[in-house]
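Here it is: the structure, laid out below.
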Protein chains: 2
Amino acid sequence: MAAQINIRDIADKAGLSISTVSRVLNGKAKEYRIGKKSQEKVIKIAKELNYVPNQFAANLKSGKSKTIALIVPSLNNPFFAEIASRINTEIRKYGYITIIGETGEDQEIEKKELQQLMSRNIEGLIIVPCGNQWEHINNLYTQDFPIVCIDRYFEDLKIPFVSINNYESSFLATKYFVDNGHKNIACIQGVKESNTNILRVEGFKAALNESDIESSNIVGNDFTVKNGYKETKHLLQQEQRPTAILALSNTIAMGCMKAFKEADISVPDDISLITFDDHPYLDYLATPLTCIAHPIKDISKKAVKFIFSILTDKKLRSDQVLLKPKMKIRSSVKAID
Amino acid sequence: MAAQINIRDIADKAGLSISTVSRVLNGKAKEYRIGKKSQEKVIKIAKELNYVPNQFAANLKSGKSKTIALIVPSLNNPFFAEIASRINTEIRKYGYITIIGETGEDQEIEKKELQQLMSRNIEGLIIVPCGNQWEHINNLYTQDFPIVCIDRYFEDLKIPFVSINNYESSFLATKYFVDNGHKNIACIQGVKESNTNILRVEGFKAALNESDIESSNIVGNDFTVKNGYKETKHLLQQEQRPTAILALSNTIAMGCMKAFKEADISVPDDISLITFDDHPYLDYLATPLTCIAHPIKDISKKAVKFIFSILTDKKLRSDQVLLKPKMKIRSSVKAID
DNA sequence: AATATTAGAACAAACGTTTGTTTTAAATAA
DNA sequence: TTATTTAAAACAAACGTTTGTTCTAATATT
């Protein structure tokens with residue numbers, strides 16, 4: 001590897017001092033009254049030599065790493081992949097980079113990742129927490145470290161978050177089932193203790209309540225294909241088989257579909273289905289799936305904006321934002337009576 | 001954020017010099033004959049103070065960033081998302097981190113990302129190049145910078161790569177069409193100049209040739225949903241409508257399906273379809289799609305292993321590996337006669 | 001003519017490490 | 001005792017920036 005050319009090389013070639021070069025390159029020419037010709041010379045030479053500043057040196061001096069960490073459960077889930085993509089793009093706009101950590105929904109891994117990431121002097125953290133333990137995250141918050149939770153969050157803490165109104169989401173979906181004549185509606189949930197799950201379940205119950213439907217059929221315990229599959233199997237064997245299922249994540253819905261297929265049950269003729277999390281491929285499924293869509297773009301933008309507002313204002317705000325969910329009606333719900 | 005404690009704090013507290021502390025902390029105690037008690041003291045204090053080394057300072061001095069860059073077209077494409085996920089996981093095992101850059105299939109952005117990433121003193125690069133320009137990439141290679149292309153690569157250059165045999169892939173798929181009685185087979189291609197595309201098209205042609213089918217119906221010019229959609233629309237209007245379509249990417253296939261749906265054409269009854277790139281959701285589509293599956297896990301592992309073997313051996317190898325593709329037969333191809 | 005002002009640029013001290021070299025003091029050898 | 005070796009640790013120079021301060025001319029002011 002050829003030695004990177006540095007600011008001194010430029011200074012030598014231009015016959016100027018490194019401080020002058022640095023100032024020109026940092027756009028502080030006016031502030032420090034650097035002459036026009038000097039400026040031009042520096043810029044020209046920098047271009048010629050294809051100069052790329054050494055971030056480590058710059059960061060060391062300034063104490064800024066220009067790095068934000070993003071922790072998600074898994075990039076392999078299209079939902080989080082899209083989040084990562086959006087956030088990555090947004091962060092780049094600020095001249096920062098993103099380091100991505102994956103937890104695999106394992107809280108211990110989450111803690112380890114966090115430590116590793118911290119040693120990289122990250123300036124901020126955007127995280128989709130993967131469990132109900134919050135100490136390691138709240139510690140950062142109380143130490144005034146810029147942090148924001150997305151998608152999932154901790155209700156009783158002051159840690160800022162950007163998410164959707166999960167209660168409203170499942171309320172909406174459930175209501176839609178009810179309006180279509182469904183009375184025996186099952187809900188396959190994810191990790192029971194996670195707050196998104198709790199709220200979604202509450203919304204589900206509330207909608208049923210409002211419609212004077214008593215029995216609530218809530219099963220499952222994980223945001224995985226496997227859980228969706230297993231629970232659907234069970235549901236299909238109940239004597240009073242539900243006419244509709246609300247899947248609290250895209251992974252769960254995949255499991256549902258797998259089970260449907262094996263049992264040769266078709267959507268929506270034999271059973272109706274609504275899932276959380278939108279994705280283009282939902283349009284091309286055997287039956288295009290009606291879903292609760294997260295405004296991922298908005299969430300990402302808000303989260304990034306938020307981190308940078310903390311970073312620049314230096315004062316710790318504690319915004320907690322719940323965006324409106326949107327139901328994308330496709331054709332996986334049948335009207336019955 | 002509380003001020004990070006540094007090596008000097010430890011030195012002061014231990015009554016030792018910073019060099020001694022550094023050596024203990026870096027496991028060079030024996031080499032430099034640091035006394036037992038001093039070692040223990042340093043380690044104890046470091047733990048007490050919860051010392052986290054400043055990577056920037058260390059990196060600046062050592063020139064090592066413990067960072068590998070990964071450049072992909074977009075995380076929003078499940079295929080690349082999975083690659084990113086696998087590679088990220090692999091790289092973490094080495095104590096390194098990954099920075100991910102996205103190009104959006106824009107070569108200019110690719111160049112800029114590369115520059116930005118280089119300024120982070122990355123030690124290696126894994127890249128899915130997004131065009132036919134190779135100078136900026138080959139420059140790195142000739143400068144002995146550890147680099148490996150994955151998925152896409154440059155045939156005539158010595159840059160190492162790990163990919164699948166694209167020629168064989170489409171040959172396989174096309175042959176499968178032929179074996180099922182198809183004669184009028186169309187191929188919707190991606191970026192014409194990209195080598196994966198060229199090879200896939202060649203494999204397509206060769207398979208037809210071998211089967212004495214002359215007319216080859218090759219259309220399209222982009223690895224996008226839009227292109228797949230547009231070209232399918234056209235294909236459906238040809239007087240001799242093809243009975244089978246080979247989509248050279250998952251995005252193109254999505255476009256196909258969109259067009260099919262609009263025209264109320266069903267797979268495989270009205271038309272057969274094979275796509276490149278596998279994904280779990282393909283199983284749940286209206287018709288589960290037969291596809292050419294990349295061994296993503298193997299590709300990722302090999303690529304990462306490769307980067308680190310260059311990094312440690314310090315000698316530049318130029319492995320060029322083509323893995324065997326696998327066709328996953330689902331049910332999107334109909335036997336006709 | 002002497003002084004003050006200003007534009008333009010250089011100096012030099014950090015930032016927190018790593019690492020080659022040197023110093024110190026104790027232990028061994030002569 | 002004096003010289004030599006060795007164990008243990010300190011010194012100090014980088015790494016490539018940023019940035020507060022100082023210097024030098026040239027120009028403007030009195």
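Letters go in sequence order (proteins before strands), and every chain restarts at 1.
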Exercise for the section: Remember a base hit wins even if backbone is also touched, and classify A/Leu16 as base, sugar-phosphate or nothing at under 4.0 Å, heavy atoms. Expected result: sugar-phosphate
Completion exercise
Rounded to whole Å, CZ of B/Phe56 lies from P of D/dA14 at a distance of 24 Å
Problem - 5' priority, DNA chain D, between B/Lys61 and A/Ile18 [closest heavy atom] - result: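 Between the two, 5'-proximity favours B/Lys61.
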Exercise for the section: Measure across A/Phe306 and A/Ile147 and return the closest heavy-atom pair with its distance rounded to 0.1 Å. Expected result: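 In this case the closest contact between A/Phe306 and A/Ile147 is CE2-O, 4.2 Å.
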Completion exercise
note: B/Lys37, atom NZ; D/dA7, atom P; distance rounded to Å ~ 12 Å
Exercise for the section: Identify the two heavy atoms, one from A/Gln107 and one from A/Gly131, that lie closest to each other, and give their separation to 0.1 Å. Expected result: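 Shortest heavy-atom separation between A/Gln107 and A/Gly131 comes out as OE1-CA, 3.1 Å.
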Handout entry: Nucleotide C/dA9, atom C1' - distance to CZ of A/Arg23 in whole Å
Key =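 Those two atoms, CZ and C1', are 9 Å apart.
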Exercise for the section: Report yes if at least one side-chain N or O of B/Arg33 is closer than 4.0 Å to OP1 or OP2 of D/dA8; otherwise report no. Expected result: no
Exercise for the section: Give the nucleotide from the list C/dT17, C/dC15, D/dT17 with an atom nearest to the side chain of A/Leu60. Expected result: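 From the listed options, C/dC15 comes nearest.
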Practice task
Round to a whole Å and report the spacing from CD1 of B/Ile34 to C1' of C/dT24.
Solution key: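 Whole-Å distance recorded here is 14 Å.
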Completion exercise
note: B/Lys64, atom NZ; C/dT19, atom P; distance rounded to Å ~ 11 Å
Handout entry: salt bridge (charged side-chain N to carboxylate O under 4.0 Å, His left out), paired with B/Glu90, selected from B/Lys93, B/Arg86, B/Arg92
Key =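 Among B/Lys93, B/Arg86, B/Arg92, the one that satisfies the salt bridge (charged side-chain N to carboxylate O under 4.0 Å, His left out) with B/Glu90 is B/Lys93.
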Practice task
Select from B/Tyr51 and A/Ser38 the residue whose nearest nucleotide in DNA chain C is closer to the 5' end of that strand.
Solution key: A/Ser38
Problem - Nearest-angstrom distance from the residue atom CG of B/Asn26 to C1' of C/dG16 - result: 13 Å
Practice task
Kindly assign one of parallel, tilted or perpendicular to the pair A/Tyr94 and A/Phe308, based on the angle between their ring planes and the thresholds 30° and 60°.
Solution key: parallel
Exercise for the section: Answer yes or no: does a side-chain N or O of B/Tyr32 lie under 4.0 Å from OP1 or OP2 of D/dA7? Expected result: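 Answer no for this pair, as no side-chain N or O of B/Tyr32 is under 4.0 Å from OP1 or OP2.
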Exercise for the section: Just call it for A/Ser19: base, sugar-phosphate, or nothing, with non-hydrogen atoms closer than 4.0 Å on any strand. Expected result: base
Exercise for the section: Can you tell me the distance, in whole Å, between the NZ atom of B/Lys36 and the P atom of D/dA7? Expected result: 14 Å
Handout entry: A/Lys111, NZ atom: more than 12 neighbouring heavy atoms under 6.0 Å
Key =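 It does: A/Lys111 NZ has more than 12 such atoms within range.
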Problem - Any N/O donor-acceptor pair, B/Ser17 side-chain to D/dC11 base, under 3.5 Å - result: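 Absent.
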Handout entry: Rounded distance (Å) that lies between atom P of D/dC15 and atom CD1 of A/Ile5
Key =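 About 15 Å, once rounded to whole Å.
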Exercise for the section: For B/Ser62, answer base if it contacts any base atom (sugar-phosphate contacts may also be present), sugar-phosphate if it contacts only those atoms, and nothing otherwise; contact means non-hydrogen atoms under 4.0 Å. Expected result: nothing
Handout entry: Comparing B/Lys28 and A/Ala57 on DNA chain C - which has the more 5′ nearest nucleotide
Key = A/Ala57
